[in-house]
Protein chains: 2
Amino acid sequence: MSPRRTGRRPGNPDTREAILAAARTAFAERGFDAASIRVIAAAAGVDPALVHHYFGTKEQLFRATVDIPVDPAQLLPAVLAGDVDGVGERLVRTFLTVWDSPAGAAAVALLRSAVANEWTARLLREFLVTQVLRRVLDQLAVDPAELPLRGSLVATQMIGLAMMRYVIRLEPVASADPEALVTAVAPTVQRYLTGQLDQGSARSRSR
Amino acid sequence: MSPRRTGRRPGNPDTREAILAAARTAFAERGFDAASIRVIAAAAGVDPALVHHYFGTKEQLFRATVDIPVDPAQLLPAVLAGDVDGVGERLVRTFLTVWDSPAGAAAVALLRSAVANEWTARLLREFLVTQVLRRVLDQLAVDPAELPLRGSLVATQMIGLAMMRYVIRLEPVASADPEALVTAVAPTVQRYLTGQLDQGSARSRSR
DNA sequence: TGTTGAACTCAACGGTAGATGAATTACTCG
DNA sequence: CGAGTAATTCATCTACCGTTGAGTTCAACA
């Protein structure tokens, strides 16, 4: 019962973190399939077998690099607090802040891999539905029948923004000032969340 | 000068098209890297070496499957004709029509591969800039200084829509009625094209 | 000091990838 | 027919891939 933990305790525990950092970079830059354990190990300065020693299979390594990032449960309350008319703006700002931070590399990795691997796509789907969209919409007073549509519409704009800024890197969105993007995109998100969906808002179709 | 073209002329010229069709499907379903020449050849019922015989390298095969699809120069005039206030709606409708058609498989292949391969991302970038965005915005009377930003904002919404509907397949967007998406998304595109970008439109920030 | 067990390395297996070049088939023309 | 040439196949090369298992080093405990 008492853990008999003798033997070489910590050779240097930085190695594990080095592998994780190398994996995050590789997965973000090349996606799940293209990123090889061999180049990850080389970038971390270790033997490929050591990667398997710490994290078992390649999929487990990927989950380890991706599971850390930001917990929506921590960020969303601040987004949802305050006036309802500003939730779109705060959502876009928080989104860009996270993705521009070092933790954003994990998100880029997840997004990149969601396209190539079917199980990663399912991972992202479930993450979006259960962790983000559900929480956001539970706090907003909207018709429950409209929740899924509104949520996935928000997702289209957010994922599209992430794709263009961090994956395809289309200018000028790729290197635009975050606040400029917030003011440009926030009204879209706001309308998807709380606005009228079955008619235009920029112009009246029945004018 | 006169081409001495004797010998076995066309055994059956359907083979080339069969390979192309198989390649389009494979690239669309699995992306560039995951789609192997061997399974493409198997799907077309031919030897893998025959694929190389017709189209040289794998990259050339990909370009052949992707170069055909829809010519924006054919579609955009109809989109840009008519009242300026309806261009967003017509753009989204045309977009969905193309992607829902068989030709959309090539577009899905391009989008899927643009995430995994750097050179495919560049391909998509140049296609967007030179073939689509430039043509759209040349016809709209907007401040030339705002053209790139407006164009790439439109791209974020469109690519995000394509990602969610055809790649990630997030419901209910994945199987929604196209017209419902048109009415939902068109105002966003319209505002990105001709609306005020530095302030909200769904609500007035200075009300 | 001697044993233990974790950190770490080495070499290799089995599999698949894209690509190549020679060999074979079969059609068309002179 | 017989030559020429395109269509098609076969066997193979080279290069990675993820993964495994045995072996080595070495700090921590008894």
Side-chain angles (χ1 to χ4, degrees), chain A residues 1-23 26-27 29-65 109 112-113 116-120, chain B residues 1-23 26-27 29-65 109 112-113 116-120:
Chain A
M1 197 54 67
S2 63
R4 300 217 342 105
R5 44 187 198 81
T6 169
R8 183 194 212 177
R9 299 290 294 103
N12 59 344
D14 307 333
T15 311
R16 190 194 165 93
E17 283 307 311
I19 294 175
L20 259 183
F27 282 137
E29 285 180 352
R30 310 165 59 97
F32 180 81
D33 293 303
S36 74
I37 288 195
R38 283 171 153 89
V39 309
I40 290 175
V46 297
D47 190 272
L50 191 60
V51 179
H52 283 96
H53 174 66
Y54 278 122
F55 322 85
T57 168
K58 186 185 182 183
E59 174 175 336
Q60 292 175 297
L61 171 62
F62 180 80
R63 300 188 89 106
T65 72
R112 264 206 135 97
S113 304
N117 281 89
E118 194 49 48
W119 65 267
T120 324
Chain B
M1 197 54 67
S2 63
R4 298 215 347 103
R5 44 186 198 82
T6 170
R8 183 195 212 175
R9 300 286 296 107
N12 59 343
D14 306 332
T15 310
R16 189 193 166 94
E17 282 308 310
I19 294 176
L20 260 184
F27 283 137
E29 286 181 351
R30 311 165 59 94
F32 180 81
D33 293 303
S36 74
I37 288 195
R38 283 172 153 89
V39 309
I40 291 175
V46 298
D47 189 273
L50 192 61
V51 179
H52 283 99
H53 174 67
Y54 278 123
F55 321 86
T57 169
K58 186 184 181 183
E59 173 175 337
Q60 292 175 297
L61 171 63
F62 180 80
R63 300 188 88 106
T65 73
R112 263 207 134 92
S113 304
N117 281 88
E118 194 51 47
W119 65 267
T120 326

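Quantities reported herein were computed from a predicted structural model and do not represent experimental measurements. Chain naming here is simple, since letters A, B, ... match the order of the sequence lines and numbering starts at 1 in each.
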At less than 4.0 Å, is any side-chain N or O atom of A:Thr57 found next to OP1 or OP2 of D:dT19? Yes or no.
yes
Taking salt bridge (charged side-chain N to carboxylate O under 4.0 Å, His left out) as the definition, give me every residue that meets it alongside B:Glu29, ordered by chain and number, with sequence neighbours left out.
none
With the side chain of A:Tyr54 defined as its heavy atoms from C-beta on, choose the nearest nucleotide among C:dA7, D:dT20, C:dA19.
C:dA7
Look at all strands and tell whether A:Ala35 reaches a base, only sugar-phosphate, or nothing, counting heavy atoms closer than 4.0 Å.
sugar-phosphate
Closest approach of B:Phe32 and B:Ser113, non-hydrogen atoms and distance?
N-OG, 3.0 Å
What nitrogen or oxygen pairs link the protein and nucleotides 9-14 of chain D at under 3.5 Å?
| unit_1 | atom_1 | unit_2 | atom_2 | d |
| --- | --- | --- | --- | --- |
| D:dT9 | OP2 | B:Asp47 | N | 3.0 |

Between side-chain atoms of residues 34-47 of chain A and protein atoms elsewhere (two or more places apart, or another chain), which donor-acceptor pairs fall under 3.5 Å?
| unit_1 | atom_1 | unit_2 | atom_2 | d |
| --- | --- | --- | --- | --- |
| A:Ser36 | OG | A:Val39 | N | 3.1 |
| A:Asp47 | OD1 | A:Ala49 | N | 2.8 |

Would you kindly give the CD-to-C1' distance between A:Gln60 and D:dG18, to the nearest whole Å?
13 Å
Starting from P on C:dA7, measure out to CZ on A:Phe55 and report it in whole angstrom.
11 Å
How many Å lie between NE2 on A:His52 and P on C:dA11, as a whole number?
18 Å
Between CD1 of A:Ile37 and C1' of D:dC17 the distance, given in whole Å, is 9 Å
Whole-Å distance between C:dA7 P and A:Ile19 CD1?
11 Å
Closest non-hydrogen atom pair between B:Arg112 and B:Phe27, with its separation
CD-O, 4.2 Å
Nearest whole Å is fine: how far is C:dT16 P from B:Ile40 CD1?
17 Å
Separation of B:Leu50 CG from B:Thr15 OG1 (nearest 0.5 Å)
6.5 Å
State whether the side chain of A:Gln60 and the backbone N or O of A:Thr57 hold a donor-acceptor pair below 3.5 Å, judged by distance alone.
yes
